[in-house]
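Here is the structure we will look at.
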Amino acid sequence: MTNPLIKEIFNSSEDYLGKEITLTGWVRTHRVSKNFGFIELNDGSSFKNLQVVFEDTLPNFDEISRITLGSSIKVTGVLVESPGAKQPVELKSGSIEIIGLADLDFPIQKKRHTFEYLRTIAHLRPRTNTFMAVFRVRSIISYAIHKFFNERGFVYVHTPIITSTDAEGAGEMFRVTTLDHHNPPRNEHGHVDFSQEIFGKQAHLTVSGQLTVEPFCTAFRNVYTFGPTFRAENSNTARHANEFWMIEPEIAFGDLNDDMRLAEDMMKFVINEVMTQAPDEMEFFDKFIDNELIKRLDNVLNSEFKVITYTEAIDLLNKSGHEFEYPTTWGENLQTEHERYITEQIFNKPVFVIDYPKEIKAFYMKLNEDDKTVRAMDLLVPGVGEIIGGSQREDRPEVLEAKFRQFGINLEEYSWYQDIRRYGTFPHAGFGLGLERAVMYITGMKNIRDVVPYPRTPNNVLF
RNA sequence: UCCGCGAUAGCUCAAUGGUGGAGCAUUCGGCUGUUAACCGAAGGGUUGCAGGUUCGAGUCCUGCUCGCGGAGCCA
């Protein structure tokens, strides 16, 4: 008698056919007749359930007939070919032991639930088909990213989660404090005395690992961060969360073209890994979540990403004849409607938009020779919009210093960042990929709250 | 934060200002190969909260809370 996982049974059922095996897992659903019944058993190893058949020869047949969804059981029986059309094999049970009976009010039922409802039971939703598929794919994507960079010799750097910089320009920050909210210590001017903070000054949760990973780029050449990121914006959209995971590679002696090539290779590598490692899950997404998903991802794997400049993008939008709600004026940010039109209507594939006006991009991006644009790139994908934002970095100390002044940034606080340019400057570039946006893109899921195990969004810190 | 929509049984949804219903789930009964099994019956409600209009409010009005869609911020 052996104790295989359901995954192993489906992968090599001929090894187990006719043999007695023991399985442990949870009841996904069951159907009962007078003298026999079926249990769909999931043991976590596979997206697919194994059908367990039980008959009234079982001493505890009545008990098993009333088994509740979600209950954990241990089944011993013989694996046989299934007469049913929907599964190749099934387990003819000799004994079923109830390990943990689920209460009758187990909220996940044999019916379709809305994602909104399932968000309120985030601790139970991994037991549904959709979320089991989402979180397995999320895991595969995460590993694929590490694999991609590791195979290319990148060093993985754990940049800090608590930071002291307060003007990274990437958004509102959460404060990290140990002071008493109601009665903070005050200095002689009556202001809060932050010198009594545990760090002796104000601290925040990181909004990006980029600035602190750049110094490691000066040592290891190619590096990346992959960790949690926090933005305190009151964003209420399907693609923003207050806590999310970001991947930020930084490459030495490379320019924006190298950066884009890296981003494209990475996206293709990750998509390919997911398609080969999670075919059942991807088939499910294609069938129930997004009917165009696999077709679209195949198209991505087999085509080159388009590259256009911001100026060309504005031009294309103006010539499209399409009525936009917001004007398409050079110098203004591309609105979501513009980005979607470019990637979905004009090209229908991933598009890099590069060379944005310097005024609408971050201070650290390299100024082009036209003195008007910077070497920035956004990767837009159909369905999600912006999935990657990156740039070649400004590597000229005097230009960077001028940028600091223009952006009103305290030079002293960023002297360490300027040091990268003082001590052996070099061309370098990098980007940030939102892990959740990659998961959304690859699974077809439409809301970021449904690709994060326990999403943190305004008004929502359940669990 | 702004604009729009919504909140009714455990879940998913109906209900012209006039006695709040259905499907699924639950309980009971039936059924020898089901696939969200099927068939029959039963139980299940302070209609999100607080006010107001009205003879009468799930329905109309005001405020609040929460959710969803879109926008901004971005990944």
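We use all heavy atoms of the structure for the numbers below, so side chains are in, but hydrogens, waters and symmetry mates are not. Letters go in sequence order (proteins before strands), and every chain restarts at 1.
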With the sugar-phosphate defined as primed atoms, P, OP1 and OP2, and the base as all remaining atoms, what B/S/- string results for nucleotides 64-69 of chain B, 5' to 3', for protein heavy atoms under 4.0 Å?
--SSSS

Report, as a single string ordered 5' to 3', how protein heavy atoms within less than 4.0 Å touch nucleotides 22-32 of chain B: B base, S sugar-phosphate only, - not at all.
-BBSSS---BB

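Put simply, CD on A:E339 is 10 Å from C1' on B:rC74, counting in whole angstrom units.
Every residue two or more places apart in sequence or in another chain that forms a side chain to side chain contact (heavy atoms under 4.5 Å, CB included) with A:S95 is listed here: A:T76. Under the side chain to side chain contact (heavy atoms under 4.5 Å, CB included) criterion, A:D56 pairs with A:N35, A:F61, not counting sequence neighbours.
For A:S208 and B:rA75, the shortest distance from a side-chain N or O to OP1 or OP2 is not below 4.0 Å. For the pair A:R239 and B:rA71, the criterion of a side-chain N or O lying under 4.0 Å from OP1 or OP2 is met.
Backbone-only engagement by A:Q335 is indicated by non-hydrogen atom pairs under 4.0 Å involving sugar-phosphate atoms exclusively. At a threshold of 4.0 angstrom between heavy atoms, the contacts of A:E337 with the nucleic acid are absent. Among the atoms of the strands shown, only primed sugar atoms or phosphate atoms (P, OP1, OP2) are found under 4.0 Å from some heavy atom of A:Y117. Within the nucleic acid shown, A:I388 comes within 4.0 Å of sugar-phosphate atoms alone, with no base atom in reach, counting heavy atoms only. Residue contacts for A:T29: at a heavy-atom cut-off of 4.0 Å it reaches the sugar-phosphate backbone alone, with no base atom in range. A:G84 comes within 4.0 angstrom of a nucleotide base, judged by non-hydrogen atoms across all strands. Across all strands shown, A:E243 has no heavy atoms under 4.0 Å from either base or sugar-phosphate atoms. If you check every strand for non-hydrogen atoms under 4.0 Å, A:A438 touches nothing.
Screening A:Y156, A:F216, A:F148 for a ring pair (Phe, Tyr, Trp, His ring centres under 6.0 Å) involving A:Y224 leaves a single residue, A:Y156. Checked options A:R31, A:H30, A:K48; the residue passing with A:E40 is A:R31 (criterion: side chain to side chain donor-acceptor pair (under 3.5 Å)).
Each of B:rC11, B:rC74, B:rU34 was ranked by its minimum atom distance to the side chain of A:Q51; first place goes to B:rU34.
A stem is defined here as three or more consecutive Watson-Crick or G-U pairs, each with both distances under 3.5 Å; for RNA chain B these stems are B:1-7 with B:65-71, B:10-13 with B:21-24, B:26-30 with B:38-42, B:48-52 with B:60-64.
Ring centroid separation for the pair A:F324 and A:H338 comes in under the 6.0 Å cut-off.
Panel note: side chain A:R136, backbone A:F131; no donor-acceptor pair is recorded below 3.5 Å.
Applying the ring-ring contact (aromatic ring centres under 6.0 Å, His included) test to every pair with at least one member in residues 427-451 of chain A, sequence neighbours left out, gives these pairs: A:F426-A:H428.
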